Structure formats: C-alpha cells, structure tokens
Amino acid sequence: MIDKTVADLREAVAGITDGATVMVGGFGRAGQPVELIDALIDAGASELTIVSNNAGGGDLGLARLIAEGRVRKVVCSFPRQTDSWHFDRAYREGRLELELVPQGNLAERIRAAGAGIGAFYSPTAVGTPLAEGREHREIDGRTYLLEHPIRADVALISGLRADRWGNVVYRRTARNFSPIMATAATTTVVQVDEIVPLGTLDPEAIVTPGIFVDRVVAVGVRRWLRDGEFVGGVDLQGEPLAAPTAAPAADPATASIAGGDR
Amino acid sequence: MIDKTVADLREAVAGITDGATVMVGGFGRAGQPVELIDALIDAGASELTIVSNNAGGGDLGLARLIAEGRVRKVVCSFPRQTDSWHFDRAYREGRLELELVPQGNLAERIRAAGAGIGAFYSPTAVGTPLAEGREHREIDGRTYLLEHPIRADVALISGLRADRWGNVVYRRTARNFSPIMATAATTTVVQVDEIVPLGTLDPEAIVTPGIFVDRVVAVGVRRWLRDGEFVGGVDLQGEPLAAPTAAPAADPATASIAGGDR
Amino acid sequence: MTDRLDRDALARRVAADIPDGAYVNLGIGAPTLVADHLPPGSEVILHTENGMLGMGPAPAPGDVDPDLINAGKLAVTELPGAAYFHHADSFGMMRGGHLDLCILGAFQVSQTGDLANWSTGAPDAIPAVGGAMDLAIGAKDVYVMTDLLTKGGESKLVETCTYPLTGVGCVTRVYTDRAVFDVTPEGFAVRELFGTTTLDELRELTGLRLSMLPTALPTASNTEESR
Amino acid sequence: MTDRLDRDALARRVAADIPDGAYVNLGIGAPTLVADHLPPGSEVILHTENGMLGMGPAPAPGDVDPDLINAGKLAVTELPGAAYFHHADSFGMMRGGHLDLCILGAFQVSQTGDLANWSTGAPDAIPAVGGAMDLAIGAKDVYVMTDLLTKGGESKLVETCTYPLTGVGCVTRVYTDRAVFDVTPEGFAVRELFGTTTLDELRELTGLRLSMLPTALPTASNTEESR
C-alpha cells in the first residue's frame, strides 16, 4: 500500500542536509509553506540554497530562515519587498549570494527540470543586463537566450488537500510555483490543510499528481477557511482581524500605503 | 460582453482556408472533434496540413478528411493503426506527405509554440533515424536534439463543457492534446457537449482558460453520458451496444439508446 | 499644474482605451488603478502573473482572502469565469503572446520603445526584476503609464535609456500626465495633448523631436471629463 | 517447448518483480498483460501516455467509456486516486524521469541496452513511432518483455541492433520466454533461467558471450509456480 503521509513536520523535513538546494513554493505569503520552513529551522540545516520567487517578508517562514542565518544563496525573481528586511540586511552584509532570475524564466527553468528538457531558448531579458555573457540565438528573426533547468534536492510546498498517494489540490493563487517545483526536486514534501481519503479528490481537478510527491503532512485548516470554504475575518497575512484598538507596530510593514513593491 | 459561442458548426469553422495548418485534438477517437471535422469537410478547405497524434481511424473524422483528399501533409506520431486504411492508401499512393514526430516531442513542440519558447533541447530520439541531420548538443553529459515549436492557423478541439468566455473542461483521457493545441493556434475552435453559464465551471478545475479560445460551439451531449456522468451502453467508438437483433439505422442520430442526443 | 492629469484621471484615460474583451495585465503600482476605471458594462479580463485570469477588484476589508492576491501581493477578488493556473502556465500565457495588453510603469522609455523600469542601476540597490521582463516582451501591446517628468524634472521619454533595460523595442504607447505618445518608426508621436499642453512645450520638456499624429486630440482630458 | 514461459506466465513473472508503490508504464501489446498479474494487495500505479495515472483494468463489456482508453486505444477504467493531465504534462512525466519503470516490447535489444522496437526498416512500411522513443529514454528502468527468438528463429538479443533504434543504452533488463537477462557493462548477464534452459543453450541461441549473475536462479519458473 502506498502511504506518503508522515506523522509530523519533523518527519516531513527529515534528511535535509547542510548545503542542500531547497525550492520553496509561494508568492509572497500565498502558498508559502511556513510550517515546513519552521520545521526546517528546527531541524538545523544550514548553508542552504533557496529557490523561491521571493526572499521572504516580515519575520515568518522564509524570512525567518534567512534571519536565522541558514541561507547561503537565494535564487529568485523579486527579493526586494517593503518587508524583506531580513533578506535586505543579510544581502547588504554580504552574508548571502543572490541570483536574480526573471520570474517567467524562473518558472520555465523549474518546469524544464521536471520535464526533462535539457535547455530552452527564451525571449525574456534579451538586451538587458541579465543577458550579459549568456548564449544568444536568433530563431525565425527573433533573439533568444539559452536557459538551463533549475533542479533541487528538496521542494517544500503548501497545498489545500492531499490523499495518501500524494495527489494535491491547491487553493486560488496559493497554487503559483508549487506544481512545477513538485516536479523538479529529488524529494518533494507537501504540507496541506488536510489529508482526505483516496478517491475523494476529483481526478479531473488534481493539479499535482502523486507521482511528483514523496511526503505529505497535515498542518490543520487555516483560520480563514472552514471545510475548505472561505469564511473571512483575517488580514492579508492570515491574522485575525484586529479589534478596534489595533496598535500599529513600529515596523516598516505599516508604512505600506500604496502596496506596490516595485 | 464577451461571448465566444457561435451558433453552429458552419460558423465555427468559417474562414479556414486552403493550405491552412490545422491542429486536431484527440488520441484515436477520444477527444477527436469529429463534428468540427465534418463541418470542415463541408466547408471545402483543401491542401491542409494536419497536426494530430494519429492520422485517423475507421471512416470518421480525420480519416474522412483524408479520404476526401483534403490533406496535403500530416504531422503526427502514430499514423499506422489497424483501421487507418484511408491514411495508408493516400500515403502509399503518394497523395500526402508524412512528418513523423515522437509523441512527446510533438506535445512539447506544440506547448513551446503556445508558451513563446524559441526552441528546446529534448533527449528523445537521440541515436535514432529521426535524429539524422538534426542539431545535437551535449548538456551536463547527456545528448539532446534541438526541437522547434509547431504552430497552427487553427486548432480544432473537443471538450466536455465550456462557458461564454471560452473556459473549457474535458473528460478523462479525452483531454490529451487539446489543452496544448488550444495555446498554439492563431484561432482555436472548441466543440463541447454543452455550454454552461459563466461562473458554473470550477475556477480551480478549468483546464483551458478562455484566453486560448476563440470560438465555442455546442454539439450536444454524447450518448454515453447523462448530465456529464457516464451511463454506459456504448462500444469503444461510442456506438450503442448491439441489441441481439439491433439493425444499424440509416441515420446514426436515431440509434441513440442511452439517452444521448448528439 | 492643474492641466496635468492626476493618477486617477490618467488611469481613467488609459482604461477608456481598453477594448471590451481584452486580456490585460496591469503592472504593480499606478497601473493597478486602471482596474478601478474600466468602463461599466465592458468585460476586460485581468491577468495576474501569479496565476489567475478574471481577477476582480479589492475585497471589502473583512473579506480579505490571503490565498487570493495580485502581483503586488494585495488582496483581490475572483470574478465569475475566473481560472487559476500555475506559474509556468501563467508566464507561458505572457511569453506566448496571448495577452492583448500590458500596462507598466517606467523609469525611462526610449524613442525606439525600449523600456527601463526595474532598476535605476544604483550600486547599492538590491536588484529585483519580478515579472517585468517577461511582461515587457510578452504582451501584444505594452503601454506605459507614468508622469512625463521625474520628481527632479527630467524627462522619462528619452532618446536612449540610461537605466538598465527591461525590454528592447517593446513599448507601443506611453500615457503621461501631459500627453499620450505612440512609439512609431520615426520616434515618439503625440497622440493626444492634455489641457493646455502644447507640442512645443513637450519638445522642450523632453528634448526630443516629437511629431504629431494627424488624428491627435488636443484636449482629450476635457473630452474625458465631459463624457 | 513446455519449458518456455507462455505470454501470461511471462507477464506474471514480470509483474512479480514490480515493487509495491512503483509508477509503471506498460507498452502496447504483450506488456499490457502485466497489469492482469500484479500481486494482489500491492499498489502499482499505472501511467498511460495519453494522460492518466491510476489506470485500472479493462471494464466489463457494457461499461466501455470511449473517453477512457489506454495508449493502445483499448478501454480501461479509473482507480480511486487517479489523475488526468494533458499530453505535454504526461510526456514531461516520462522525460523527466519520474516513472520508475517502463515495460516495452522489442524487435531487438543490443548488449549495450540499445532498443529497436518501432520499425523493421522495411522500405514499404508506414513508419509510426508513437511514444516509444520518449518512453525508452524517460523511465528510470526500461524492461523489455519478448520472446527470445523471432518466429524465424533469430535471436532478439544481439550484439548490435540492425533495425532502426528506438533508444540508445536504455534497456536495463530483458524478460524472455527462456530466461531473464540484465544489461550490464559487460553485456547481457543471465539473471534467471526458466525450466530446463541452460546457459550454454542460450549462448548457442543468441550467439552472444553471456555471463551468469552470481544470484541467478536456475528454475525460477518452477519457483513461481510453487508460490
């Protein structure tokens, strides 16, 4: 019998070694496997290379992993956010290396790793500083850059529900990078709100088939959901809405009035 | 208001000109847009280049298009079937050209066209006759072949349901090539069993978002389904199971015993 | 000063040019405002790079869903007809030329349509590119929405970009607070002047040889207001 | 004659080697039979190239669903836990090395693991390759299931394939009606002999320098029968 579920978060991240390359799903906070990252911090691995769209925001999850000094290098498209102070400090102090990849190339390179593509030509970034020193090729009158796959030892991702075969469904824009990261890592670990019986997930709507998944751990239903349905009552970080007397903290997160981070 | 639905099959295939490259969804009979192909035959276009996994079986659909002498070239992975007599004859008589592409390269080349990839390196077919004269490249110790996108003027595909924005869901293995073909053609035409109100399809389960679809036409629920659920009573070709003395009707529409009204 | 369009008026002006049924990606920042000014009754389908078509406006404060955000990581909503997909599919949509239009901010736009909007090249800046380069080369049309001048008074329309490029020859139109410009083979051509702005004034502010499209509207902002 | 395994017995023999939990693609033809002999209670997840994981056995005659077929275009069923996906994803699964095992038929297998199974190279034949080349290079292990000899009595195990190749150095094991062979750096090594078949006999039939694995089982077919 196939049972990819593991009992707890500790077991879910077991075996991630110092120096490992770890893909981390999520776009900002949506779909970020915060519980798995916390377990990874507890487990103690360091000198990690992180592949993720962002480099953490606030003090949670990826940001905390960086704050704890566990990250040697970040491969991402958008590290700089209003609340990326942990990354910013580590970067400015030269404590970690940054490899900047345009978001679409990042996604396609991850997909290529999972799909056995040796390399591909992308039109993105041609003529920009990110094209310097790269192989250019003209195809049908357009210039492209050669892009190579990005693989990882481990992918940590967050889904809504999974079954014991490792089939996963996501919720809304929390899907983002997770389905492709699941295909590109030697070991893929998925945290979900709940594990459901085999045969419960609609076979037409499964986004990540279990073939890409090695371990599944249930972390409990998020506070803004009930039976998988949105019930509201939280802020963008998923924290319960403040009572009338919410005091703004003295941190930069409150300085965001226009919300843009570019 | 966006309304991609068209009134009938004639309108659905309008504008397909002689010499056009037409992608045709389906794997064998599953997902083959037989009604659209019939309309294309009626519309009269010829000298077509067909991109499809197979080259037709039996006397229906793609096989009939070939039998009618409308096809100049077939790009496919598996033309030879036990019932591909129309293709076989045309090929042996030199009336059409065949470009044989391994199935995975065919799929990936179609995807590449839709995803704006200039070309990619595939390990498939290295060392085989299909690699002759092709660009080889060694990447990380493995040899790959350069593969280029396959685009089309029109894609004809078959789905289960669609809405007026052109969002499409499929049924079981009838999905096959259709979602990628929808992305790779200038004009994508979808036949579905039924058109449903906007907002009815689950946003998490939409396989082809409407951005890839230009025209949608309803052709009626297939005879082996009721309310989208399988009710049985047909053979592999979708024909009603023979009753002990079932006389083949002159008009296929009257042969519906399982509640379909195709 | 009052002749110049403010951000909201500019967003309204841009929105008025988006045809019914268009698939549009709105960049982070000012372009996001365009969503609030789409003509009522028109169906424009908004794409967000993080995996959604059919994005709706911001939710009421109590209805913020942390799983439903846009590229700027702000809460949005889901319209009937919406669809979700993963990042490779989302950027395949862009790169494959399926979006009709993308509206971006800019540091500089050159007269050949080069765009610089991701980095000022400052040596101590932390670089971040996000989806800007993919968007710039992906959409059928790339419109830029920006003030004509920087806070320091320099023209953002330039002969050649001095900031690091986002994309080459990708911008087709620029909406500024003073005028709308098309990028043509002969450089920037004024499509529309706002308020009392004149062609000569624009030439002086930009230092560029600007032409005037035969169809240019001299007082579009007023026209807008009187609708 | 009776010492040789028939197709069903061979399918049972192959099936016995598939570990619980393996992701397996069965080629068209004889390999399809393996599905009928998977050990009860073991969960082996079958992949079919036309977009499905969790494929079940053939349906009852009245339950044939034309939308649910395998790579050979035969009716199959859906097991609980099944998932559907499109062709690019299906072949990405293969090419990306996610399948544990693929079982294919063969015209010839060379002692370096080259496979020829798609074309006899006959000048008047209509070529058709399907997914064979993708499968050959994609799965972690490629097992071939075949009679040792052609109907004309020629060995399908050869020094060098004379038929057009499907894949280079891809086969790891060959199950035949007389013996099981591993492809090793030193060529074919006998892993198991069926019935009264001897190593010398195999050397004569194949004309190849064959070695014997230290762990080789001389009478596996009997062992099988007595389970």
Side-chain angles (χ1 to χ4, degrees), chain B residues 27-31 53-55 57 76-81 84 87-88 91-92 98 100-108 110-112 122-130 143 160 170-181 207-208 222 224-225 230 232-238 241, chain D residues 28 48-52 55 59-76 78 82 84-95 97 114-116 118-119 121 124-138 161 163-170:
Chain B
F27 183 89
R29 178 65 185 81
N53 188 61
N54 304 104
C76 77
S77 88
F78 207 80
R80 191 190 61 218
Q81 300 177 195
S84 62
F87 170 84
D88 296 0
Y91 179 78
R92 291 195 196 283
L98 170 65
L100 194 70
V101 182
Q103 198 171 150
N105 285 352
L106 182 65
E108 191 70 10
I110 293 168
R111 180 193 176 273
S122 167
T124 300
V126 168
T128 78
L130 298 185
T143 305
L160 176 65
Y170 303 87
R171 190 168 170 275
R172 301 189 145 171
T173 59
R175 184 186 303 195
N176 56 68
F177 278 87
S178 299
I180 48 176
M181 288 180 170
V207 175
T208 294
R222 286 162 291 175
W224 59 91
L225 300 180
F230 179 61
V234 299
D235 66 14
L236 206 45
Q237 280 65 49
L241 286 181
Chain D
I28 297 177
T48 184
E49 66 189 21
N50 51 318
M52 182 186 194
M55 181 175 72
D63 293 334
V64 166
D65 182 342
D67 288 339
L68 185 48
I69 60 173
N70 66 11
K73 304 187 179 78
L74 302 174
V76 293
E78 170 193 297
Y84 298 100
F85 32 83
H86 64 54
H87 246 82
D89 282 350
S90 182
F91 279 77
M93 237 169 246
M94 273 181 211
R95 205 191 301 107
D114 293 354
L115 173 67
W118 71 283
S119 164
D124 63 334
I126 296 177
V129 63
M133 290 183 180
D134 307 276
L135 280 167
I137 58 90
C161 293
Y163 290 149
L165 291 190
T166 307
V168 176
C170 54

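Small disclaimer: the values here were computed from a predicted structure and weren't measured. So that the names make sense, note that chain A is the first sequence line, chain B the second, and so on, each numbered from 1. The analysis underlying the following values was restricted to heavy atoms, covering all of them including side chains, and did not include hydrogens, waters or symmetry mates.
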Worked check of side-chain contact (heavy atoms from CB on, under 4.5 Å) between B:Asn53 and B:Cys76: CA-CA 5 Å; B:Asn53 188 61; B:Cys76 77; 5.8 Å; no

Of the listed residues (D:Ala75, D:Pro127, D:Gly131, D:Gly51), which shares the most heavy-atom pairs with chain B below a 4.5 Å separation? D:Pro127

Check: B:Arg111 and D:His87 side chains under 4.5 Å, non-hydrogen atoms: no

What part of D:Pro59 gets closer than 4.5 Å to chain B, counting heavy atoms only: side chain, backbone, both or neither? neither

With chain B as the partner, which of D:Val64, D:Leu68, D:Leu165 has the greatest number of non-hydrogen pairs under 4.5 Å? D:Val64

Do B:Leu236 and D:Ile69 come within less than 4.5 Å of each other through their side chains, counting heavy atoms only? yes

Top of B:Asn54, B:Val101, B:Leu106 for chain D proximity - count of heavy-atom pairs under 4.5 angstrom: B:Asn54

Side chain, backbone, both or neither: which part of D:Thr166 has an atom under 4.5 Å from a heavy atom of chain B? backbone

Interface moiety of D:Asp89 toward chain B, non-hydrogen atoms closer than 4.5 Å: neither

Checking B:Phe230 against chain D: side chain, backbone, both or neither under 4.5 Å from a heavy atom? side chain

Please enumerate all residues that pass side-chain hydrogen bond (donor to acceptor under 3.5 Å, both in side chains) together with D:Tyr84, with sequence neighbours excluded. B:Arg172, D:Glu78

Return the option, out of D:Ala71, D:Gly121, D:Gly138, with the maximum number of heavy-atom pairs under 4.5 Å with chain B. D:Ala71

D:Val76 and D:Thr48, any side-chain heavy atoms less than 4.5 Å apart: no

Highest number of heavy-atom pairs under 4.5 Å with chain B among D:Met94, D:Lys73, D:Glu49 belongs to D:Lys73

Contact origin within B:Asp235 toward chain D - heavy atom pairs under 4.5 Å: backbone

Return the option, out of B:Ala174, B:Ala30, B:Gly28, B:Pro129, with the maximum number of heavy-atom pairs under 4.5 Å with chain D. B:Pro129

Just wondering, do B:Arg80 and B:Phe87 contact through their side chains at under 4.5 Å, heavy atoms? no

Which residues pass the salt bridge (Lys or Arg N to Asp or Glu O under 4.0 Å) test with D:Asp67, sequence neighbours left out? B:Arg171, B:Arg222

Portion of B:Tyr91 that has a non-hydrogen atom of chain D nearer than 4.5 angstrom: side chain

Which is it for B:Ser178 and B:Tyr170 under the side-chain contact (heavy atoms from CB on, under 4.5 Å) test, yes or no, and what are the steps along the way? CA-CA 9 Å; B:Ser178 299; B:Tyr170 303 87; 3.5 Å; yes

